[in-house]
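Okay, so here's the structure we're looking at.
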Amino acid sequence: MKSITLEKLSAEPLIGFRRKDYPEYYHILDRIFAPIRAKPRIAVECDSASSLITEVEAGRGIALANPSFKLVAGKRLLYRPLTGTTEVGSVGIARATKGDVTPAGEKFCEILRKISDGKTAARSKPASTA
């Protein structure tokens, strides 16, 4: 399969993050499955990305992950895009609240904020018609 449909995904056991620690993950799952009026079938809840990878590798189910997850798992897992949804995930900046950030780090954060603001503004504009 080159991709997986939302309907096919709904029939599969899912491996996700622990509900009490990652409530936003479950809000996203609910929004993803809402168009087909399905509930995700959570088979295993994990406390970290490494335990999620281990559970998928063990064959206990599949996981929904954003593309940046590949950087953590590498070639250990097989990735396929999900079709049938318009939901998009978000990526944030994590950095220490106190402490030194290098000038390069500050510049990187500034660039990410500008890109994010531009995309947010572009999405909120109504589509024009010709």
Side-chain angles (χ1 to χ4, degrees):
M1 270 192 264
K2 292 190 182 224
S3 63
I4 186 167
T5 65
L6 190 53
E7 290 78 12
K8 184 130 176 103
L9 178 67
S10 69
E12 297 292 329
L14 292 180
I15 299 170
F17 292 108
R18 198 163 42 195
R19 187 178 299 272
K20 71 175 190 161
D21 296 330
Y22 300 92
E24 183 56 32
Y25 179 80
Y26 289 88
H27 295 300
I28 293 167
L29 285 180
D30 289 341
R31 288 195 313 261
I32 288 172
F33 285 97
I36 62 167
R37 294 188 172 99
K39 289 284 185 191
R41 295 180 44 223
I42 305 299
V44 180
E45 290 186 17
C46 301
D47 62 355
S48 67
S50 61
S51 62
L52 186 137
I53 291 166
T54 301
E55 293 293 334
V56 172
E57 281 183 313
R60 292 189 175 84
I62 60 176
L64 283 175
N66 69 25
S68 63
F69 200 76
K70 279 182 163 181
L71 299 172
V72 176
K75 295 180 180 184
R76 294 169 61 188
L77 305 178
L78 182 65
Y79 298 89
R80 294 293 181 254
L82 178 63
T83 60
T85 182
T86 57
E87 277 299 315
V88 294
S90 63
V91 177
I93 300 169
R95 58 181 263 197
T97 55
K98 295 179 181 169
D100 295 331
V101 177
T102 65
E106 281 294 347
K107 185 68 175 168
F108 179 68
C109 290
E110 180 184 324
I111 291 167
L112 290 177
R113 286 186 193 102
K114 282 182 184 176
I115 291 169
S116 175
D117 288 344
K119 288 185 179 184
T120 302
R123 269 187 282 198
S124 63
K125 290 181 184 176
S128 60
T129 57

For the residue pair [X] and [Y], what are the closest heavy atoms and their distance?
X     : Y     : result
Arg80 : Lys2  : CD-O, 3.4 Å
Ala49 : Phe69 : CB-CE1, 3.8 Å
Asp30 : Pro40 : OD1-CD, 4.4 Å
Tyr22 : Asp47 : OH-O, 3.4 Å
Glu45 : Arg18 : OE1-CA, 3.5 Å
Tyr79 : Ala73 : OH-CB, 3.1 Å

Which distance, rounded to the nearest 0.5 Å, do you find between the [atom1] of [X] and the [atom2] of [Y]?
X      : Y      : atom1 : atom2 : result
Phe108 : Ile111 : CZ    : CD1   : 8.0 Å
Leu29  : Lys39  : CG    : NZ    : 10.5 Å
Arg60  : Leu14  : CZ    : CG    : 15.0 Å
Ile32  : His27  : CD1   : NE2   : 13.0 Å

- Query: Can Glu110 and Lys107 be said to form a salt bridge (charged side-chain N to carboxylate O under 4.0 Å, His left out), step by step?
  - Reply: CA-CA 5 Å; Glu110 180 184 324; Lys107 185 68 175 168; 3.8 Å; yes

Side-chain contact test, heavy atoms from C-beta onward, threshold under 4.5 Å: evaluate it for [X] versus [Y] and give yes or no.
X      : Y      : value
Ile15  : Ile62  : no
Val101 : Cys109 : no
Leu64  : Leu9   : yes

- Whether Tyr26 side chain and Phe17 backbone form a donor-acceptor pair below 3.5 Å: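 Indeed, once roles are kept as given, a pair shorter than 3.5 Å links the two residues.
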
